[in-house]
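Worksheet: one structure, shown below.
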Amino acid sequence: MTKSEIKEFKGFVRDTLMREYKMNELEAYRAVQDSYLSEALWRDSDYVEHDTVEEWAEFIFNEVSQRVLLRM
């Protein structure tokens with residue numbers, strides 16, 4: 001993936017988090033930036049293409065939810 005494709009992909013994931021999981025724009029942005037997705041893109045950007053945008057959004061939402069529960 002090129003840098004512009006990575007930026008576009010992250011944008012699609014953020015949009016999905018906002019639409020499907022009712023996150024606001026800032027929450028979705030932070031969730032994507034702090035998620036495993038960013039690390040996976042850094043290591044091997046082609047790796048992320050094995051899963052859909054919707055699947056990545058679900059992974060990230062679950063990751064965020066688990067962090068919140070661990071803080072409680």
Side-chain angles (χ1 to χ4, degrees):
M1 289 180 135
T2 66
K3 287 186 179 194
S4 63
E5 290 172 329
I6 290 171
K7 186 176 181 177
E8 183 179 41
F9 188 84
K10 284 183 168 184
F12 290 145
V13 174
R14 282 193 302 271
D15 290 344
T16 303
L17 286 168
M18 290 185 291
R19 185 180 61 252
E20 298 294 324
Y21 298 98
K22 308 302 183 224
M23 288 184 168
N24 66 42
E25 190 172 354
L26 183 58
E27 290 171 329
Y29 176 83
R30 285 184 179 158
V32 170
Q33 290 306 111
D34 295 342
S35 73
Y36 177 69
L37 174 61
S38 291
E39 182 180 337
L41 286 166
W42 179 77
R43 289 181 178 206
D44 180 7
S45 62
D46 294 325
Y47 170 79
V48 301
E49 295 178 316
H50 293 285
D51 295 305
T52 66
V53 168
E54 291 79 12
E55 288 170 320
W56 275 108
E58 182 180 1
F59 296 151
I60 291 170
F61 179 76
N62 290 335
E63 190 177 345
V64 169
S65 297
Q66 184 178 4
R67 272 190 249 134
V68 169
L69 288 174
L70 288 173
R71 282 189 236 151
M72 296 174 111

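Numbers here are sequence positions counted from 1.
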side-chain contact (heavy atoms from CB on, under 4.5 Å) partners for Glu25, two or more places apart: Met18
Inter-residue atom distance Arg30.CZ - Ile60.CD1, 0.5 Å rounding: 15.5 Å
Set of ring pair (Phe, Tyr, Trp, His ring centres under 6.0 Å) partners for Tyr29, sequence neighbours left out: none
Tyr36 and Tyr47 aromatic ring geometry - parallel, tilted or perpendicular at 30°/60° bounds: perpendicular
Ser35 (side chain) donor-acceptor with Val32 (main chain) under 3.5 angstrom: yes
For Ser38, all residues meeting side-chain hydrogen bond (donor to acceptor under 3.5 Å, both in side chains), sequence neighbours excluded: Lys10
For Glu55, all residues meeting side-chain hydrogen bond (donor to acceptor under 3.5 Å, both in side chains), sequence neighbours excluded: Thr52
Gap between atom CG of Leu41 and atom CD of Glu39 - 0.5 Å precision: 10.5 Å
Glu49: side-chain contact (heavy atoms from CB on, under 4.5 Å) partners, not counting sequence neighbours: Met1, Asp46
Spacing of OG belonging to Ser45 relative to NZ belonging to Lys3, to within rounding of 0.5 Å: 11.0 Å
Heavy-atom donor-acceptor pair, Trp56 side chain to Leu37 backbone, under 3.5 Å: no
By side-chain contact (heavy atoms from CB on, under 4.5 Å) - contacts of Thr2 (at least two apart): Ser4, Glu5
Nearest heavy-atom neighbours spanning Ala57 and Leu17: O-CD2, 3.3 Å
Steps toward side-chain contact (heavy atoms from CB on, under 4.5 Å) verdict (Tyr21, Glu27): CA-CA 11 Å; Tyr21 298 98; Glu27 290 171 329; over 6 Å; no
Residue pair Phe9 / Asp51: nearest heavy atoms and the distance that separates them: CZ-O, 4.4 Å
